[in-house]
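In listed order, ligands and their atoms are each counted from 1.
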Amino acid sequence: MERLAKEIETCSACNLSGSRTRTVPGEGPVPCRIMLIGEGPGKKEDETGRPFVGRAGTILSTLLSDIGLSREEVFITSVVKCRPPKNRTPGREEIASCIPFLHTQIEILSPEAIVTMGRVASAAVFEMFEIQFPSFKEVRGRAFPVQRQENADEMLIIPVYHPAVITHNPPARSILEEDFRQLGKYLHTIRDPL
Ligand code: URA
């Protein structure tokens, strides 16, 4: 994983490399049982090189602790490893050039559950595993079992709302909390009792 982070650091495969301050490869235990994937680094992440350390990160830490998880026990990353200017949604080509890094991270971590936060991360991961993605609303809060590789153990993909949703839509807090409560229930099926 460290070698991969070095590779990401020098990547210039898409134009996001031209405007980034730092790359944000992700962090957490290696291997790890639960992996969380967001959309892309924001301002604070770009400055520090660490994932989810801004406002969305504070919300995420609370949501995780509410379901008995600490940040230290999950691996957190995003679909693109460089900040899109003005926090715009990463484009198709940017996602396509960055997705091999995410794919390798999944291989290295061999998690039992991947939590995709928001539409962008969910659509990208569903495409990676060739799962139908009718719309984010239809898949959020549900668990999708997939086989990472032939003969590998089954892994769950669990899409939830992105924690940043409540920074621009405060009433969405209840659906965000509902998704994480649901997530907590799914994780009980794969983790030792909390
Ligand atoms: N949002 C993301 O999707 N990723 C981060 O690292 C921070 C905010």
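- The nearest protein atom to atom 3 (O) of ligand 1, hydrogens excluded, is given as Glu39 N, 2.6 Å; this is a heavy-atom distance.
- Of the N or O atoms in Glu45, none lie within a sub-3.5 Å distance of an N or O in ligand 1.
- Considering only heavy atoms from C-beta on, Cys82 comes within 4.5 Å of Thr23 through its side chain.
- Considering backbone and side-chain atoms together, Phe52 places an N or O closer than 3.5 Å to an N or O of ligand 1.
- Under a cut-off of 6.0 angstrom, the local environment of CD in Glu127 is sparse, with at most 12 non-hydrogen atoms contributed by other residues, nucleotides or ligands.
- Of the options Gly38, Gly40, Gly26, Pro51, the smallest heavy-atom separation from atom 2 (C) of ligand 1 is shown by Gly40.
- Taking a cutoff of 4.0 Å between a charged side-chain nitrogen and a carboxylate oxygen, Arg140 and Glu178 qualify as a salt bridge.
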- Message: Pair Lys43, Glu47 - check salt bridge (Lys or Arg N to Asp or Glu O under 4.0 Å), show working.
- Response: CA-CA 6 Å; Lys43 187 168 188 292; Glu47 284 164 9; 3.1 Å; yes
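- Judged by the shortest distance from any of its heavy atoms, His162 lies inside the 4.0 Å radius around the atoms of ligand 1.
- Regarding atom 4 (N) of ligand 1, its nearest protein heavy-atom neighbour is Ser78 OG, 2.9 Å.
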- Item | Candidate pair Arg50 and Glu27, rule salt bridge (Lys or Arg N to Asp or Glu O under 4.0 Å), full reasoning | CA-CA 7 Å; Arg50 298 185 55 213; Glu27 63 186 28; 2.7 Å; yes
